[in-house]
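Notes follow the structure.
Just so you know, these numbers use all the heavy atoms, side chains as well, and skip hydrogens, waters and symmetry mates.
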Amino acid sequence: MFKINIIGYNIFSPGGTTRSNLNLIAEFNAQNYVVVYYNYTDFDRFDLRRLHKHEKATANVQIKKIGELYRQTTEKNVEKEYFFITREDLFPLAAVIRKYNLKALIIGEVHTPLGLLNEHFASVDLSPFTCLRVATPAIKKSFVQKYHFNRIYIQTVSLAHLQLCDPAQVQRNKTSNLLVYARFDESAKDITYAIKLTAYIINKLKKGNIRLYINGYGPDKARYERMIAHNHLKNAVFINKKIPSDYIALSTSHVETLGYAIAESLAQGHRVIAYVGDDHVTYENFSEVPLINWLYKKDVAADAQQVLKAISESMDKEELVKSMNILKEMKFGYVQKMFKNVSLFAGNGSLADEKLENIESETKQQIEKVLGASHAPWYLKMYRHSRRVPGLRKLLQQPKLCEWLKSLRKSKKIE
């Protein structure tokens, strides 16, 4: 029996890594492997019920709390066991897993762009890992140079959730509607540049037909609202409003390791305007896709012309067919590719004997220093359950309250 263990931060919260983890579950489920998922943040039966309702692939998956990893033993009937650690702040767990699973294949998934990795990451011992996965050759090269670890394979995250459109059935009209779909996090997504670009086109170039829809979640929403008001764009830029059927996706992210929002819009047959990325990784992932118009330097005047060019273009069926074929190739055979890649490093990964004795307590302390305690204190449980009440939901989702609760939780370390 092959057993697949996936370790993540919070599968009950939306985001790119959550989507990747759900796709991993779906991929291995489809191959009839035993799948166990370990969640760092606390959860209850209501969270599980909601997850199973919206993500059918999780119905047959054991979902456990992270603490069980500190008490695990190897099962006798398991022929081969894989552990995927899908958040870099949880990489110290590889040492605990290796202590109890000498022959396991432990894979660390690097989802965070290298420039945004927590400063604590440099102190993490990577030797217990069998290998790491990164998305592109450029990321691998930078990782090896920075962290001096070279057991790395290259493979993008799974695209299992994508339903690719049938080019013969797609009819897209020319449109001046732009859509940014992203987490409201300026450190990575740079949504303010999308607003700045729209303001330039409307106020400077006098192209008043442009409409920008910004959909997502996160702490920087108020910042965007202030910027929209300051630039007199309330009739042209909308946050979390109904999206029109015809739009061009716009991605201005500083950095991505893939760009799910780009792939999702392409899969539905929409043209995309995308910044290449500060590290050019976004371009590295999608450079061959003809339905993407690229922004190269974040020069407002030059990029405005690229936007105007994109909205003036009709969609060519050949572009759409080629784009779908590229996505189909990226999506195809994820599990088989993964097994082949990981097999090259089988037998690697070790833990020094002197680290065995106190590894559980040291690992727990190391992780909680960055993420806070994994269990939910009473005030957070009350907040989460109150948030399900329709009348309170909007009030309790205010960014300042969410950030205060996060900071309070991180300050409450378990002794």
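Of the residues listed (Val180, Leu178, Thr198), the one engaging Val237 in a side chain to side chain contact (heavy atoms under 4.5 Å, CB included) is Thr198, and it is the only one. The side-chain hydrogen bond (donor to acceptor under 3.5 Å, both in side chains) with Thr86 is formed by just one residue from the set Thr17, Asn21, Thr18; it is Asn21.
Side-chain contact check for Ile195 versus Leu233: some heavy-atom pair is nearer than 4.5 Å. Contact of the Ile4 side chain with the Ile25 side chain is not registered, since no non-hydrogen atoms from C-beta on lie closer than 4.5 Å. Inter-residue side-chain proximity for Thr112 and Val255 is flagged as unmet; no heavy-atom pair is nearer than 4.5 Å. You'll find the side chain of Leu51 reaches within 4.5 Å of the side chain of Leu22, heavy atoms only. The shortest distance between side-chain heavy atoms of Val370 and Asn118 falls below 4.5 Å. Between Asn150 and Ile152 there is no side-chain heavy-atom pair separated by less than 4.5 Å. Side-chain contact check for Tyr147 versus Val144: every heavy-atom pair is 4.5 Å or farther apart. Contact annotation: the side chain of Val110 never approaches that of Thr257 to less than 4.5 Å [non-hydrogen atoms, C-beta and beyond].
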- Message: With side-chain contact (heavy atoms from CB on, under 4.5 Å) as the criterion, how do Asn29 and Val35 come out once you've worked through the C-alpha distance, each side chain's angles and the decisive distance to 0.1 Å?
- Response: CA-CA 7 Å; Asn29 263 348; Val35 181; 4.0 Å; yes

- Task: Verify side-chain contact (heavy atoms from CB on, under 4.5 Å) between Ile97 and Ile7, making sure each step is shown before the conclusion.
- Result: CA-CA 11 Å; Ile97 295 168; Ile7 302 160; 3.5 Å; yes

- Message: side-chain contact (heavy atoms from CB on, under 4.5 Å), that's the test. Do Leu24 and Ile6 meet it? Break it down for me.
- Response: CA-CA 8 Å; Leu24 271 183; Ile6 302 169; 3.8 Å; yes

- Query: After noting the C-alpha distance and the side-chain angles of Thr41 and Asn39, does the key distance pass the side chain to side chain donor-acceptor pair (under 3.5 Å) rule?
  - Reply: CA-CA 6 Å; Thr41 60; Asn39 202 66; 3.0 Å; yes

- Message: Checking Ser20 against His111 for the side-chain contact (heavy atoms from CB on, under 4.5 Å) test, could you report, in this order, the C-alpha distance in whole Å, the side-chain angles of both residues, the deciding distance, and whether it holds?
- Response: CA-CA 9 Å; Ser20 174; His111 287 277; 3.2 Å; yes

- Task: Carefully, step by step, assess Asp299 and Tyr296 under the rule side chain to side chain donor-acceptor pair (under 3.5 Å).
- Result: CA-CA 8 Å; Asp299 175 281; Tyr296 292 97; over 6 Å; no

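In plain terms, the two heavy atoms of Tyr275 and Ser253 that are nearest each other are CD2-O, 3.1 Å. The two residues Leu351 and Pro128 come nearest to each other via the heavy atoms CD1-CG, 4.1 Å. Minimum heavy-atom separation, Tyr70 to Leu93: OH-CD2, 3.6 Å. Residues Leu327 and Ala263 approach most closely at CD1-O, 4.0 Å, considering heavy atoms. Contact between Gly216 and Asn240 at its shortest, heavy atoms only, is N-OD1, 2.9 Å. Nearest heavy-atom pair, Pro137 versus Ile154, reported as atom, atom and distance to 0.1 Å: CA-CD1, 3.6 Å.
A donor-acceptor distance shorter than 3.5 angstrom exists from the side chain of Ser361 to the backbone of Asn358, with no hydrogens or angles considered. Between the side chain of His270 and the main chain of Tyr247, a donor-acceptor pair closer than 3.5 Å is present. The backbone N or O of Tyr82 lies less than 3.5 Å from a partner atom in the side chain of Asn5, making a donor-acceptor pair. No donor-acceptor pair closer than 3.5 Å links the side chain of Gln163 to the backbone N or O of Ala267. Remark: side-chain polar atoms of Asn348 are paired, donor with acceptor, to backbone N or O of Phe345 under 3.5 angstrom. The backbone N or O of Ile326 sits nowhere less than 3.5 Å from a side-chain atom of Lys331 that would complete a donor-acceptor pair. Without hydrogens or angle criteria, Arg151 side chain to Thr130 main chain gives a donor-acceptor distance under 3.5 Å. Remark: side-chain polar atoms of Lys140 are not paired, donor with acceptor, to backbone N or O of Arg133 under 3.5 angstrom. No side-chain donor-acceptor contact under 3.5 Å links Gln305 to the backbone of Val300. Side chain of Asp47 to main chain of Asp44: a donor-acceptor pair is present (N/O by atom type, distance under 3.5 Å, no hydrogens or angles).
Take Tyr181 and apply the ring pair (Phe, Tyr, Trp, His ring centres under 6.0 Å) test, not counting sequence neighbours, and it matches no residue. Residues that satisfy the salt bridge (Lys or Arg N to Asp or Glu O under 4.0 Å) test with Glu284, not counting sequence neighbours, are absent from this structure. Remark: Arg172 pairs with Asp246 by the salt bridge (Lys or Arg N to Asp or Glu O under 4.0 Å) rule, at least two apart or across chains. Ser265 meets the side chain to side chain donor-acceptor pair (under 3.5 Å) test with no other residue; sequence neighbours excluded. Among residues two or more places apart in sequence or in another chain, the salt bridge (Lys or Arg N to Asp or Glu O under 4.0 Å) test is passed with Arg271 by Glu313, Glu319. With sequence neighbours left out, Tyr260 forms a ring pair (Phe, Tyr, Trp, His ring centres under 6.0 Å) with His161.
At a cut-off of 3.5 Å, with distance as the only test, a side-chain donor of Asp125 or Ser127 sits close to an acceptor on the other residue. In the model, Tyr224 has a side-chain atom that pairs as donor or acceptor with a side-chain atom of Glu186 under 3.5 Å. Side chains of Ser323 and Asn325: a donor-acceptor N/O pair is absent below 3.5 angstrom, by distance only. Of the N and O atoms on the side chains of Ser314 and Asp316, not one donor lies less than 3.5 Å from an acceptor on the other residue. No side-chain donor-acceptor contact under 3.5 Å links Asn293 and Gln306.
The side-chain tip of Lys3 does not point at the ring of Tyr33 from less than 6.0 angstrom away and within 45° of straight on. Geometrically, Arg87 engages Tyr9 in a cation-pi contact, judged by NZ or CZ lying under 6.0 Å from the ring centre and within 45° of the ring axis. The cationic atom of Lys64 (NZ for Lys, CZ for Arg) does not lie both less than 6.0 Å from the six-membered ring centre of Tyr37 and within 45° of the ring axis. Cation-pi geometry between Lys65 and Phe43 is met: the NZ or CZ atom falls under 6.0 Å from the ring centre, inside 45° of the normal.
With ring centers used as reference points, Phe184 lies 6.0 Å or more from Tyr217. Ring to ring, Phe28 and Phe2 are not that close: their centroids are 6.0 angstrom or more apart.
In this structure, Glu81 does not pair ionically with Lys103, as no charged nitrogen and carboxylate oxygen lie closer than 4.0 Å. A salt bridge links Glu256 with Lys189: the closest approach of a Lys/Arg side-chain nitrogen to an acidic carboxylate oxygen falls below 4.0 angstrom. Between Glu55 and Arg19 there is a salt bridge, with a side-chain nitrogen of the basic residue lying less than 4.0 Å from a carboxylate oxygen of the acidic one. Of the charged side-chain nitrogens involved, none lies within less than 4.0 Å of a carboxylate oxygen, so that Glu360 and Lys364 do not count as a salt-bridged pair.
Surrounding NZ of Lys298 are more than 12 heavy atoms belonging to other residues, nucleotides or ligands, all under 6.0 Å away.
Tyr283 and His280 have perpendicular rings, their planes meeting at more than 60° on a 0 to 90° scale where under 30° would count as parallel. Ring-plane geometry between Phe143 and Phe149 is classed as perpendicular, the angle between the planes exceeding 60 degrees on a 0 to 90 degree scale with a lower cut at 30.
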